[in-house]
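For reference, the structure is listed below as structure tokens.
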Number of protein chains: 2
Amino acid sequence: MRKIKKFSAPEPSMRRLPAYLHVLSRIFKENQTFVSCTTISRQLRLDPTQVRKDLALTGIVGKPRVGYPVEELIGNIKAFLGWDIQRNAVLVGVGSLGTAILGYQQFRLYGLNIIAAFDRDPAQIGRNIFGVNVYPIEKLPEIAVRHQIELGIITVNADSAQEVADLMIRGFIRGIWNFAPKPLEVPNEVVVENALLSVSLGVLTSKLKQIESNRTS
Amino acid sequence: MRKIKKFSAPEPSMRRLPAYLHVLSRIFKENQTFVSCTTISRQLRLDPTQVRKDLALTGIVGKPRVGYPVEELIGNIKAFLGWDIQRNAVLVGVGSLGTAILGYQQFRLYGLNIIAAFDRDPAQIGRNIFGVNVYPIEKLPEIAVRHQIELGIITVNADSAQEVADLMIRGFIRGIWNFAPKPLEVPNEVVVENALLSVSLGVLTSKLKQIESNRTS
DNA sequence: TAGATTGTTAATCGATTAACAATC
DNA sequence: TAGATTGTTAATCGATTAACAATC
């Protein structure tokens with residue numbers, strides 16, 4: 001039996017790629033056709049070698065002394081992140097965060113095609129939020145199967161998050177983007193990405209705290 | 001001259017601490033007084049030694065065979081993250097994401113005290129969103145100084161983000177929580193934490209893509 | 001006491017950074 | 001051509017995991 005080597009990209013690299021994309025899209029708008037990794041690294045305060053390694057992951061080939069072709073590089077990064085194809089998605093919980101995500105048109109550029117929203121609250125059912133209809137939560141598995149939904153976005157509170165995840169699993173959803181502060185139990189084949197806003201706030205406030213304590217000591 | 005050793009916590013640890021807090025708060029609600037690191041690690045699918053090291057950062061001392069005192073541990077983590085004191089904050093850009101953050105009461109528990117919001121759009125000025133008044137953006141530096149604002153939250157689009165950051169710097173804000181997909185230029189003493197939602201989406205979609213390609217190969 | 005769990009040191013693993021040849 | 005930049009290998013650094021003594 002041949003050992004199957006599963007390729008898995010380093011997560012730190014994956015997390016830097018979207019930032020490259022933002023820098024590159026501005027460079028593209030300025031009609032530059034080539035860009036060097038030092039140009040990118042300076043804007044993001046990263047090590048140029050690190051940028052080169054990250055870009056190499058996407059399969060891009062640069063020209064010595066010239067740099068990387070901007071348009072092709074943008075395409076490669078998007079393909080690498082899986083943003084080159086549209087994926088149908090549903091969102092559960094049309095509170096303020098859920099509504100914000102429904103309204104964030106940028107996500108379409110990343111292949112996120114939210115085709116339905118769900119909520120437990122009868123007052124929300126039947127609403128149309130930024131062009132997306134709100135259905136009762138019980139309908140999720142049926143609608144997910146019918147529309148071949150790949151992604152589920154959870155923007156309910158922590159207490160309901162697991163039930164919502166279970167409904168998504170019954171609807172054969174393959175990836176869950178979880179904004180609820182609750183670790184989810186899911187089968188192995190389902191991918192969960194937790195997007196805790198508090199993580200980012202914690203990094204900020206703990207750095208501020210460290211600066212304060214370094215100053216006084 | 002004595003060399004000043006600046007303590008700086010490993011960022012991966014800092015990013016895990018908020019998740020521990022969520023697990024612990026549920027354990028606390030269930031009236032458990034002690035918790036072992038294996039209990040925590042199982043829920044979050046982490047290595048128990050890693051959990052122990054992370055918790056040790058906060059200065060907690062556990063009892064062999066018993067575990068860590070839950071309530072004290074919660075307090076230590078909060079203190080470590082800088083969530084034990086209230087910090088005044090302002091938010092700029094009351095679009096859907098800005099509104100969602102204003103409405104997210106949880107942040108109060110992390111010491112985030114948003115006392116004013118700002119926007120460029122005259123139609124927004126004078127509104128009151130979840131108890132926070134909206135002022136014209138030009139007023140930011142003055143209001144920031146008057147109320148000793150420590151934190152600024154940027155929820156405007158990429159094109160305006162740098163101007164907003166400049167106004168915050170003029171208002172002597174010390175930390176910026178930036179949701180705009182734009183690397184900010186700030187003086188050394190100002191801390192910036194970028195919270196790109198697309199980073200998290202990219203991790204999810206690229207993992208899905210990897211699964212797909214591993215399956216076909 | 002026996003044994004589970006902490007605290008800590010050592011070993012491993014992986015990511016970042018440095019060095020440098022290849023290339024246009 | 002000369003020299004800037006890529007691509008890649010080697011060295012370093014830091015984080016994770018393993019091992020184990022200390023302890024209640």
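Just so it is clear, the values below take in all heavy atoms, side chains as well, and ignore hydrogens, waters and symmetry mates. Below, read A as the first sequence line, B as the second, and so on, with proteins coming before strands; counting in each chain starts at 1.
- Taking the six-membered ring for Trp and thresholds of 30 and 60 degrees, A/Phe179 and A/Trp177 have ring planes inclined between 30 and 60 degrees apart.
- Mapping A/Val66 and A/Asp54 onto DNA chain C via the closest heavy atom, the residue that lands nearer the 5' end is A/Asp54.
- At whole-Å resolution of the value, CZ in A/Arg65 and P in D/dT1 are 14 Å apart.
- Atom CD of A/Glu11 is separated from atom P of C/dG14 by 14 Å (rounded to the nearest Å).
- Across every strand in view, D/dC24 sits in a pair with C/dG3 that passes the Watson-Crick or G-U test at under 3.5 angstrom.
- Taking atom CZ on B/Phe34 and atom C1' on C/dT6, their separation rounds to 13 Å, with Å as the unit.
- A straight line from CD of A/Gln50 to C1' of C/dG14 spans 13 Å, rounded to a whole angstrom.
- Ranked by how close their nearest DNA chain C nucleotide is to the 5' end, A/Pro64 and A/Asp47 are led by A/Asp47.
- Between the side chain of B/Lys53 and the base of D/dT17 there is at least one donor-acceptor pair of N/O atoms closer than 3.5 Å.
- Here the side chain of A/Pro12 is nearest to one of C/dA18, D/dA15, C/dA15, namely C/dA15.
- If you take OH of B/Tyr68 and P of D/dT23, they are 15 Å apart, rounded to a whole angstrom.
- In this structure, CZ of A/Arg52 is placed 13 Å from P of C/dT17, rounded to the nearest angstrom.
- Defined by atom type and a distance below 3.5 Å, a donor-acceptor pair is missing between the side-chain atoms of B/Arg87 and B/Asn113.
- Across all strands shown, B/Ser36 has heavy atoms under 4.0 Å from sugar-phosphate atoms exclusively, and none from any base.
- Listed pair A/Arg16 / C/dT16 meets the phosphate criterion, a side-chain N or O lying under 4.0 Å from OP1 or OP2.
- Per the geometry, CE belonging to A/Met14 stands 11 Å off P belonging to C/dA15, to the nearest Å.
- Atom CG of A/Leu55 is separated from atom P of C/dT16 by 13 Å (rounded to the nearest Å).
- Pair assignment for D/dT8: C/dA19, on the basis of Watson-Crick or G-U wobble contacts that are both within less than 3.5 Å.
- The aromatic rings of B/Tyr104 and B/Phe107 sit perpendicular, their planes meeting at an angle over 60°, well past the 30° parallel limit.
- Under a 4.0 Å N-O distance rule, the pair B/Glu11/A/Arg15 does not qualify as a salt bridge.
- Remark: B/Leu167 CG to B/Ser160 OG distance equals 11.0 Å, nearest 0.5 Å.
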